[in-house]
Amino acid sequence: MTALTVLLVAAALIGLGLWGVISQQSFVMVMMGFELAINGVMLAAVGLWRFTSAGEPKGQVLVIVAMFVMAIEAAIGFALVVAVYRARQVDTTEGLDSMAN
Amino acid sequence: MVWSLTLVPVLVGALLWGAAARIPTSRSRLVLGGGAVAALVTTLALALQAARAQASAVHVIGGGLELQADLAAPANVVAVLVPAVGALVVAYAASHEPLQGLGRLVGLLTVFVGAMQLLVTAADLVTLTVAFELVGGLSWALIGHQWRDPGTSRAAAQAFNATRFGGLGLFLAAGAAFASTGSFAVEALPSATGAHLHVVAGGVLVACAAKSAQGPFAPWLFSAMAGPTPVSALLHSSTMVAAGVHVLARLHPVLEPVPWFGPATIAVGLTTALAGGVVALLQAHVKKLLAASTSAQYGLMFVAVGAGYPAVAVLHLVVHAVFKAHLFLAAGTAIRAVGSGQLGRMRLGSHLGPTAAMAAVSALALAAVPPLGGAWSKESIVAAAGHETAWLAVLTIVAGALSAAYATRFQVLVFGRDRGDHPPVRRLVARPTRVEHGVMSLFAAMSLALGALWLGPVHEVTGRLLGGGLASGPVWELALSVVALVAAAYATWLRDRSHQLGHVGTTGRAARASDWLGLPSMTRRLLVDPGLALARCVVRRPRGQRRGPRGGRHGDVAGRSQRRGRTDLRGGRRRRRRRDTRARACQHRRRGTGCRGGRRRHRMARRPCRRRCASGPDRRGPPPVRRHRGRPGPRGRGRRRREVVVLTLAILAPLVGALALALVRMTEPVARAVAVAVSVVPLVAFLAAWLTFDPASEDLFQLVTEVDWLPTLGVGYRVGVDGIALAVVGVTTVLFTAAVAFPAETRGRARSYYAWFLFLEAVSIGLFVSLDLVLFYVFFDLSLVGMYFLISRWGHEGAERAALQFFLYTLLGSLALLIGIIVLALGPHHLRHARGDRGPAPGRCGARGTGPARTHAGPRHQDPRRPVPHVAPGRARGGPRDGLGDPGRRPAEDGHVRDDPDPVLDDA
């Protein structure tokens with residue numbers, strides 16, 4: 001287990017997540033892609049922390065903050081998805097094709 | 001002070017957009033226009049004051065990153081220009097544009113001025129990059145304002161992508177600057193060395209060329225003409241495209257030492273000026289003529305920068321902004337009067353007399369006719385070019401002649417005398433309003449006033465203000481310019497006499513030539529088509545889903561809802577309540593077996609269920625929640641327990657609430673109120689815990705409660721928090737409160753919905769505060785149960801299957817967790833150390849507190865009756881070795897090796 005391995009896996013996760021965000025039609029899948037990308041970022045942070053700062057709490061705090069951001073962003077994001085669904089009855093990105101004015 | 005230049009327009013613009021729906025329609029234009037103009041005039045006053053005081057500001061973000069802004073030259077002049085032009089254009093927009101979406105237009109225009117001010121005042125490359133991207137994004141939103149027209153969105157995307165692509169150059173430059181100087185500030189750039197400085201210069205040049213629609217990036221400005229006229233007047237003639245020249249002028253002292261920078265800038269600028277001039281003569285649409293002219297004029301400014309006179313470029317920027325914005329507004333009035341932008345259909349000189357007269361002033365300035373200000377700045381550019389080489393001055397004079405030609409073409413075709421080519425009786429579709437006239441007259445007055453630049457004192461003061469020298473050249477340049485200008489104008493007028501001026505070929509070579517000499521088709525073939533082909537190969541369309549404008553399987557429902565016109569959220573809530581009433585009455589709808597004799601309809605479809613319900617409405621809730629789950633048992637065992645119940649309260653309160661909701665009959669609104677109230681209790685408990693938490697304490701965990709449960713296994717109800725767990729509990733409680741309060745479709749089973757939700761909240765909090773692995777595992781599996789029921793009963797199509805899938809997958813994972821826990825609990829002693837606990841209990845294995853030597857002994861004798869030490873969630877505790885490694889081998893800071901945070905021993 002080297003730093004390079006961990007960072008490669010993290011980069012792969014971020015890439016997968018990014019591809020998911022760009023290519024998926026369903027809102028839920030877009031959010032999943034985004035969560036995957038943030039997980040990749042967290043993995044990269046943890047990996048770097050493990051191989052460099054060796055025990056300092058600061059690196060962990062970044063990961064915890066990212067976790068909080070993920071949780072809150074998912075909550076707000078899904079609330080928005082539900083609101084959009086109730087207003088427009090669509091759950092795909094292609095389905096949203098109008099604005100209020 | 002400097003940040004207020006950005007913040008005031010941004011906040012007011014956002015406010016105007018947000019509040020636009022609440023303004024009564026009759027006063028909408030007045031309120032929106034008045035509010036925006038007031039905000040921008042305030043910004044103008046602030047900018048004047050900041051420029052006079054030479055203010056600067058630093059915003060420290062931390063970790064060495066800070067945002068800097070100041071009003072050094074040329075920012076002091078441009079920061080005053082932007083809100084001035086913006087205020088006038090916004091007034092025009094509020095009066096000229098249709099009411100639909102006017103709030104968004106005016107709001108975004110105001111926000112744009114704020115973002116542009118950020119760009120103008122940026123003093124370090126990070127702020128500059130941020131502002132670049134902000135301005136590009138706002139440009140996209142403004143060009144695509146009339147989104148109902150499909151071509152507009154495509155055009156907005158083209159413009160955005162072109163500037164975004166160029167913006168990568170700025171990212172590159174910022175990275176190179178940081179790599180070589182260790183800071184992003186512009187004033188630190190001179191210390192950049194060697195290759196880094198070349199990268200910075202190249203990146204900045206590419207980004208500025210893209211932003212100012214120069215060279216290969218020129219066609220995006222044509223796409224940008226799809227936006228409303230005020231957007232073109234503000235963004236794509238005076239301000240956003242000016243960003244390129246402004247940044248070049250600002251960074252010129254730093255980039256001048258780079259040997260190829262000057263010649264490259266001149267080359268880019270000159271080719272664009274000449275090509276733009278030619279292309280402008282071939283246009284059939286008035287806005288595209290002006291767009292090509294904009295590119296050409298910015299090319300001239302690039303020539304000035306490359307020749308080493310950034311002050312001249314900025315001067316021409318200011319003068320050009322005034323007359324070009326005016327020309328765009330005049331074109332907008334003409335377009336609305338005729339109903340089309342085609343040059344061949346205008347000739348409104350006799351119909352729009354005042355507008356034509358005022359536009360003539362700006363057209364003369366565009367043609368650089370002395371003694372207008374436009375002439376002075378253009379002559380300065382010619383002189384600057386002449387300082388490089390004489391033939392460069394000649395080429396610039398040729399470009400100036402071309403600008404005279406297309407200025408004449410514009411004025412003649414748009415505001416020329418009607419020659420009877422059209423039907424004799426022509427009625428205008430719309431006349432210009434008083435506000436439009438007022439704005440245009442102000443612009444004309446400013447153009448006239450800028451003619452004062454010809455006076456010696458004035459241009460000397462201006463030069464000092466702009467922080468640089470203004471070039472002056474030999475008289476032959478001025479003479480040659482005037483001669484070329486007159487010749488070009490005369491040639492155009494002659495062509496008009498022969499009725500050829502308005503005719504532009506629309507097919508073949510002529511069409512390609514008018515479209516930037518074939519550049520867009522080349523770009524499309526080289527870049528766009530391969531990219532799209534690659535994308536098509538990669539994307540796999542899901543089976544059976546149409547990729548149409550109305551979306552996939554919900555197409556018909558979406559159409560129905562839109563036909564009914566209920567597209568607001570309030571309508572959604574009204575619909576939901578009616579559906580709930582029907583759903584309560586019919587169990588088939590609830591169970592998802594569909595209506596209409598079994599044909600599956602979407603649950604949100606607003607059709608009454610016609611199926612005969614054999615049984616009545618089902619109002620029973622879920623079976624009561626399991627209670628026996630490790631209630632606090634007998635205390636004692638010689639272990640002192642803290643009198644802290646905050647965390648246990650946080651776990652128990654939602655459980656009690658869930659039970660109450662499950663057993664007691666109540667109506668849905670009451671159930672919801674009870675659920676929200678109960679879900680606030682853990683939030684309050686968290687706040688209490690936060691207040692009593694001591695961040696400087698030496699304990700690993702605080703607020704600990706311990707009760708033995710299975711003493712032979714060493715399992716107990718142990719809860720406690722450290723800093724991280726406390727924060728996680730905080731987030732959990734907040735999110736759960738929000739989620740419970742969110743209006744949900746409870747489908748007639750509100751009580752059980754909220755009961756399960758509260759159960760899940762209790763279990764989730766328990767997860768995060770448990771200090772015992774078995775307790776953790778119990779909470780974990782209980783959360784699976786709660787999730788299963790919530791998903792399967794209140795989910796949408798395929799919910800049962802999805803819930804089962806979720807449960808099985810996660811159960812499998814948790815079984816692996818269980819195996820891990822068992823191995824840990826029963827395994828050899830040294831494995832226990834690897835997890836991060838603190839080693840054996842002092843009382844069991846000998847004297848305590850003997851320091852490091854003890855801990856490095858071999859595996860100790862395992863006392864079989866000794867309870868399994870509970871494991872803290874893995875947390876490293878200092879030390880330079882192995883990050884996540886085995887701090888268990890290392891004693892705590894005070895030298896004592898402890899098993900569990902026993903309060904008695906801790907104090908010793």
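Naming convention: chains lettered A, B, ... in sequence-line order (proteins, then strands); numbering from 1 in each chain. What you see is a predicted model, and the numbers here were worked out from it, not measured in a lab.
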**Item:** Atom pair CZ (A:F68) and OG1 (B:T732), whose distance is rounded to the nearest 0.5 Å
**Value:** 7.5 Å

**Message:** To the nearest 0.5 Å, what is the distance between OH on A:Y85 and NE2 on B:H796?
**Reply:** 6.0 Å

Please determine whether the number of non-hydrogen atoms from other residues, nucleotides or ligands lying under 6.0 Å from atom [atom1] of [X] exceeds 12.
X      : atom1 : result
A:M70  : CE    : yes
B:W147 : CH2   : yes
A:F34  : CZ    : no

**Test item: A:S98 and B:R148 side chains (from C-beta on) under 4.5 Å apart, heavy atoms** = no

**Request:** Specify the closest pair of heavy atoms between B:F742 and A:V82, including all atoms of both residues, with the distance to one decimal.
**Result:** CE2-CG1, 3.7 Å

**Message:** Quick check on A:M99 against chain B: is it the side chain, the backbone, both or neither that has a heavy atom closer than 4.5 Å?
**Reply:** both

**Item:** chain A interface, residue from B:G103, B:A727, B:A21 that has the most non-hydrogen pairs under 4.5 Å
**Value:** B:A727

**Prompt:** With a 4.5 angstrom heavy-atom cut-off, which part of B:V728 approaches chain A: side chain, backbone, both or neither?
**Reply:** both

